[in-house]
There are 2 protein chains.
Amino acid sequence: MTTDRTPPMTDTDRTHDEEPLTLAGLQIDVLAGAFSWYIRSLDFVVSRDLDQRMGHLDVAKGKGKITALLLVDRYPGVRPSQIAEVLMRDRPTTGRIIDALVKAGDIRREADADDQRAHALFITERGHEVAEQVRNVIQLQEDEFFDFIEPEDREVFMRMLKRAYLNMRKKLE
Amino acid sequence: MTTDRTPPMTDTDRTHDEEPLTLAGLQIDVLAGAFSWYIRSLDFVVSRDLDQRMGHLDVAKGKGKITALLLVDRYPGVRPSQIAEVLMRDRPTTGRIIDALVKAGDIRREADADDQRAHALFITERGHEVAEQVRNVIQLQEDEFFDFIEPEDREVFMRMLKRAYLNMRKKLE
DNA sequence: CTACTTAGTTGTGAATTACAACTTTCTGGT
DNA sequence: ACCAGAAAGTTGTAATTCACAACTAAGTAG
């Protein structure tokens with residue numbers, strides 16, 4: 001269907017990891033035969049780790065808050081509805097995420113100049129500092145948590161994740 | 001008003017991996033530079049798709065129920081605490097997942113013969129049928145949702161996911 | 001035999017999210 | 001210019017999920 005290619009893997013990747021997957025004395029390959037199980041489990045582990053690392057920041061414990069904050073930091077004047085689309089959440093949910101960020105003093109709402117219905121979101125000074133810290137934390141997790149992936153494979157893995165994500169979003173449309 | 005309102009990309013624009021990742025007119029590579037963002041987003045999409053596919057089954061809408069059901073089906077007499085360890089959830093949470101399965105008539109509790117404190121879980125006839133359907137649904141999702149990954153890359157992708165999962169669990173111990 | 005640990009349950013509260021309904025504003029067709 | 005419908009955002013509400021604390025019952029170690 002798609003025409004993009006992925007570089008072949010190196011030999012070292014194929015050598016490891018042939019041991020059966022065992023947890024609590026149970027071989028769980030029954031479950032683990034599926035992409036979905038790994039992705040869902042990985043999400044759980046990654047999210048929990050990220051929550052711990054963000055513990056001192058007010059964007060902790062939210063899948064949406066981090067994304068929203070970084071988007072506002074990057075795109076001054078961005079609208080809630082745009083954030084909702086990226087987050088794949090409805091507007092009420094997105095609105096409450098924004099509420100939390102506003103309440104924390106990280107961003108502020110203004111009326112959009114072009115469209116009086118819409119809001120334009122802007123980062124505050126404090127929010128910008130938080131965003132900076134968030135990026136550091138993410139980078140730190142990246143370095144410490146994914147260090148077992150060889151640098152050259154890291155790119156391959158990332159590309160696969162990106163392709164998976166794009167294709168899945170496309171299928172949902 | 002610094003946001004550029006570029007029209008959405010067409011499907012053909014998305015066929016190359018090197019395309020910048022654009023959503024709602026925003027280039028989101030700021031967020032997407034990290035494994036964690038992809039994994040978390042993928043989880044969201046995969047889980048929602050799975051919920052839809054499982055809609056007719058009583059294990060729908062739960063990350064834990066599917067795993068628990070398949071474990072009991074595979075390992076008659078398994079204990080709740082073992083399931084909790086696989087799920088990485090605490091015992092109260094796991095207990096309530098089991099409650100739901102018992103209430104639905106998919107599994108039943110017995111006292112463990114060796115340890116009177118523990119329970120031994122067994123699949124019911126109905127539960128076994130549900131498990132069969134669950135496996136079919138998962139396989140179907142696998143086929144329909146991950147069809148964009150070439151067969152040889154599929155193995156590689158799976159291996160990477162598995163390795164990531166194992167390493168992350170290890171780091172959490 | 002006492003103290004500690006383990007398995008499981010119940011109570012409770014916090015957080016997340018979706019759906020419905022509403023107001024305000026914009027847009028298109030006539 | 002007007003009216004119908006769409007779009008942006010908010011509020012209400014309800015369901016779901018999950019963790020922490022406290023509890024009972026049963027096993028274990030000294």
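Source: prediction; values computed, not measured.
- The distance from atom CG of A:L101 to atom P of C:dT16 is 11 Å, rounded to the nearest whole Å.
- Distance CG (A:D99) to P (C:dT17): 14 Å, rounded to an integer number of Å.
- C:dG8 atom P lies 12 Å from atom CD of B:E85, rounded to whole Å.
- Between B:L121 atom CG and C:dA7 atom C1' there is a gap of 12 Å when expressed in whole angstrom units.
- Taking atom CD1 on A:I83 and atom C1' on C:dT17, their separation rounds to 17 Å, with Å as the unit.
- Positionally, the nearest nucleotide of DNA chain C for B:D115 lies more toward the 5' end than for the other of B:D115 and A:Q116.
- In this model, the phosphate group of D:dG9 is not approached by any side-chain N or O of A:T94 to a distance below 4.0 Å at OP1 or OP2.
- Between A:K103 and A:D99 there is no salt bridge, since no side-chain nitrogen of the basic residue lies less than 4.0 Å from a carboxylate oxygen of the acidic one.
- Ranking D:dG9, C:dG8, C:dA18 by closeness to the A:R79 side chain, first place goes to D:dG9.
- For B:E155, the CD atom sits in a loose shell: 12 or fewer heavy atoms of surrounding residues, nucleotides or ligands are nearer than 6.0 Å.
- Rounded to whole Å, the distance from CD1 on A:I97 to P on D:dT10 is 12 Å.
- Judged by closest nucleotide on DNA chain D, A:I98 is the one of B:K63 and A:I98 placed further toward the 5' end.
- In this structure, the nucleotide among C:dT10, C:dG8, D:dA8 sitting nearest to the side chain of A:R91 is D:dA8.
- Between the side chain of B:T22 and the backbone N or O of B:Q27 there is no donor-acceptor pair closer than 3.5 Å.
- Between A:R48 and A:P80, the residue whose closest nucleotide on DNA chain D is further toward the 5' end is A:P80.
- Residue A:R109 is in sugar-phosphate contact alone, with no base atom involved, counting any heavy-atom pair closer than 4.0 Å across all strands shown.
- Among the atoms of the strands shown, base atoms are found under 4.0 Å from some heavy atom of B:R96.
- Salt-bridge check for A:E144 with A:R53: passed, with a basic side-chain N closer than 4.0 Å to an acidic carboxylate O.
- Of all nucleotides listed (C:dA7, C:dT9, D:dA19), C:dT9 comes nearest to the side chain of B:H119.
- Using a 4.0 Å heavy-atom criterion, one finds that B:T93 contacts the bases of the nucleic acid, with or without backbone contacts as well.
- The side chain of B:R89 lies closest to D:dC18 when the candidates are C:dA18, D:dC18, D:dG9.
- Between A:D90 and B:A120, it is B:A120 whose nearest contact on DNA chain C lies nearer the 5' terminus.
- Atom pair A:D112:CG and C:dT24:C1' shows a separation of 14 Å (rounding to whole Å applied).
- Between the CG atom of A:D51 and the C1' atom of D:dT17 there is a distance of 14 Å, given to the nearest Å.
- Legend: residues meeting ring-ring contact (aromatic ring centres under 6.0 Å, His included) with A:F146, ordered by chain and number and at least two apart, are B:F35.
- Comment: A:R135 engages A:D73 in a salt bridge, judged by a side-chain N to carboxylate O separation of less than 4.0 angstrom.
- Closest to the side chain of A:R117, from the set D:dG27, D:dC20, C:dT24, is C:dT24.
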